[in-house]
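See below for the structure under consideration.
Quantities reported herein were computed from a predicted structural model and do not represent experimental measurements. Note on naming: letters A, B, ... go to the chains in the order of the sequence lines (proteins, then strands), and numbering restarts at 1 for each one.
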Amino acid sequence: MAKFRGAIVVDTERCKGCGVCITACPCGVIELAKEVNGKGYNYAFMANPEACIGCASCGITCPDGVIKVYKKAL
Amino acid sequence: MAEITLQDIIQPENLVYEKSKLLTEKPFHYCPGCGHGTVHRIIAEVLEELGVDDRTIGVSPVGCAVMAYDYFDVDFVEAAHGRAPACATGIKRVWPDKVVFSYQGDGDLAAIGTCETIHTCNRGENITMIFVNNGIYGMTGGQMAPTTLVGMKTATTPYGRMPQWPDGTPNNGFPLQITQLIAQLPGTRYVTRQAVFSAAAVRNAKKAIKKAFQNQIENKNGVNFVEIVSNCNSNWKMSAVDANKWLQDNMLPVYPLGDLKDNFELIKK
Ligand SMILES: Cc1ncc(C[n+]2csc(CCOP(=O)(O)OP(=O)(O)O)c2C)c(N)n1
Ligand code: SF4
Ligand code: SF4
Ligand code: SF4
Ligand SMILES: [Mg+2]
């Protein structure tokens, strides 16, 4: 069993839906929403929250810095 | 064991990553997925970690990053096209205690500003130069830059960049490896080429940028020069994800990553 659980919080209104975080995530956690934000972008969200290990790869590759990453030891 | 909920994880004490406090609240105007944003982010993180924000002066270019001064909560000057290293030279010489850096695109640094680039590096000014190479003039709509790859289609090379005509007469010239060129100059202390297309690349680029600032802060003489091979997905006419892949397949063979020079010594490959 995983020793850590992670979670991300995306600033949905500032996300540009570029998908770079999806490629960066080693655990397939993130997808783009069917819905759009106020600027018309399909924003990123945790589609598979249980899979997140809090590695922060998404956060450090997001060009717009809109992801906060949390990590908790189990 | 009780099920752990998202609320349990999303607590201030569990926060492991958020953008630097040295970035203002202003959203970047860059296209979705543009590497300029990532480079801004890691520069801000480095300046925050080094604790030099109150004595840092950045010099922004003409190009997509022209408004970089809006995004960093540090002092900034906006230079005329290509003149950022000259501007940075003046600032550093008048204020040797300030931490001075220039931020430029490939059109700015390797086309109109080649003169300033070469002579600043040759004089060995004690500054940090950040060079974002996306192989194109992004801001003005995707014209060929000196760094454009052979065969790459741009607004001014619609059939692809052709260095010479088939009979050998000159045409668009060859991709300019300006970073190799300036590494040859005695004034450059640290010269490195990095990228920001993946988490691993971002970590390496951040380490390199940190070193490039640390050298300056420790008053080690010489220019610290960091090239970042980046994307311009809008003018490459690809999605951001495809552009990052294309960059690895096409840009990196011409602009390979790694240190070119350290402590004034060329690194043999
Ligand atoms: C003296 C002068 N000549 C030309 C221009 C037009 N111009 C603006 S940005 C630019 C090139 C920008 O390309 P680059 O430096 O690669 O930056 P990018 O947008 O790709 O980041 C040019 C030619 C100008 N603003 N000033
Ligand atoms: S990398 Fe950032 S801006 Fe792009 S989709 Fe992910 S969260 Fe949104
Ligand atoms: S923290 Fe790591 S595992 Fe979690 S979403 Fe981000 S990249 Fe994926
Ligand atoms: S035009 Fe190119 S360099 Fe400029 S913001 Fe868009 S993707 Fe970035
Ligand atoms: Mg450019």
Side-chain angles (χ1 to χ4, degrees), chain A residues 1-27 29-32 36-74, chain B residues 1-42 44-45 71 195-206 230-231 233-234 238-245 248:
Chain A
M1 208 192 131
K3 288 200 194 76
F4 292 99
R5 273 285 306 273
I8 62 167
V9 175
V10 178
D11 187 342
T12 304
E13 277 309 309
R14 293 173 73 122
C15 168
K16 294 178 182 166
C18 68
V20 168
C21 54
I22 300 176
T23 320
C25 176
C27 303
V29 174
I30 312 172
E31 287 177 18
L32 294 184
V36 293
N37 63 17
K39 289 197 172 131
Y41 294 123
N42 299 94
Y43 52 86
F45 77 107
M46 271 205 291
N48 303 301
E50 325 68 46
C52 179
I53 52 171
C55 68
S57 290
C58 55
I60 66 169
T61 40
C62 170
D64 289 86
V66 305
I67 304 179
K68 280 187 187 170
V69 184
Y70 297 84
K71 182 176 182 176
K72 188 177 167 64
L74 296 180
Chain B
M1 198 185 85
E3 243 341 274
I4 184 163
T5 66
L6 283 182
Q7 278 69 27
D8 296 331
I9 307 169
I10 301 170
Q11 292 296 331
E13 67 272 19
N14 298 333
L15 184 69
V16 287
Y17 184 80
E18 69 175 331
K19 75 174 172 115
S20 166
K21 294 191 174 51
L22 274 195
L23 291 174
T24 62
E25 273 309 299
K26 196 158 181 130
F28 295 149
H29 69 282
Y30 303 116
C31 304
C34 174
H36 273 303
T38 321
V39 180
H40 284 21
R41 266 192 31 240
I42 55 180
E45 286 171 16
Y71 306 130
V196 291
F197 58 82
S198 70
V202 170
R203 285 196 189 92
N204 290 340
K206 185 175 165 185
S230 189
N231 60 0
N233 36 290
S234 288
M238 300 173 198
S239 73
V241 169
D242 289 349
N244 282 344
K245 171 92 179 50
Q248 293 170 70

| request: With a 4.5 angstrom heavy-atom cut-off, could you sort out which part of A:Ile67 is near chain B: side chain, backbone, both or neither? | output: backbone
| request: Under 4.5 Å heavy-atom distance to chain A, tell me which part of B:Ser239 shows up: side chain, backbone, both or neither. | output: neither
| B:Lys19 and A:Asp64: CA distance, side-chain angles, deciding distance, side chain to side chain contact (heavy atoms under 4.5 Å, CB included) verdict | CA-CA 9 Å; B:Lys19 75 174 172 115; A:Asp64 289 86; over 6 Å; no
| said: Taking side chain as everything from C-beta outward and backbone as N, CA, C, O, which of these in A:Val20 sits under 4.5 Å from a heavy atom of chain B? Side chain, backbone, both or neither. | reply: both
| task | Could you tell me which non-hydrogen atom of A:Thr61 sits nearest to which non-hydrogen atom of B:Arg41, and how far apart they are? | result | C-NH1, 3.9 Å
| query | So, do B:Ile10 and A:Val9 sit near enough that their side-chain heavy atoms are less than 4.5 Å apart? | reply | yes
| task | Could you pull out the closest heavy-atom pair between A:Ala56 and B:Tyr17, with the gap in Å? | result | CB-CB, 4.0 Å
| remark: Residue from B:Val16, B:Asp8, B:Val39 scoring the most non-hydrogen pairs under 4.5 Å with chain A is B:Val16
| said: Just verifying a value: how many Å separate A:Cys18 SG and B:Tyr30 OH, rounded to the nearest 0.5 Å? | reply: 15.0 Å
| request: Provide the closest heavy-atom pair for A:Ala7 versus B:Leu6 in the form atom of the first, atom of the second, distance. | output: CB-CD2, 3.9 Å
| query | What is the minimum heavy-atom distance between A:Tyr70 and B:Ile9, and which atoms define it? | reply | CB-O, 3.5 Å
| task | Looking only at non-hydrogen atoms, find the nearest pair between A:Ile60 and B:Val202 and report the distance. | result | O-CG1, 3.4 Å
| Is chain A contacted by the side chain of B:Glu13, its backbone, both, or neither, given a heavy-atom distance below 4.5 Å? | neither
| request: Check A:Arg5 against B:Ile4 and note the closest heavy-atom contact, atom names and distance. | output: NH1-CG2, 3.4 Å
| So do the side chains of A:Pro63 and B:Phe28 get within less than 4.5 Å of each other, counting heavy atoms only? | no
| B:Gln7 versus chain A, the contacting section by heavy-atom distance below 4.5 Å | neither
| request: Go through the atoms of A:Thr23 and report whether side chain, backbone, both or neither lie under 4.5 Å from a heavy atom of chain B. | output: side chain
| Atom group of A:Arg14 that falls short of 4.5 Å from chain B, counting heavy atoms | side chain
| field | Contacting moiety of A:Cys55, where chain B heavy atoms sit under 4.5 Å | value | backbone
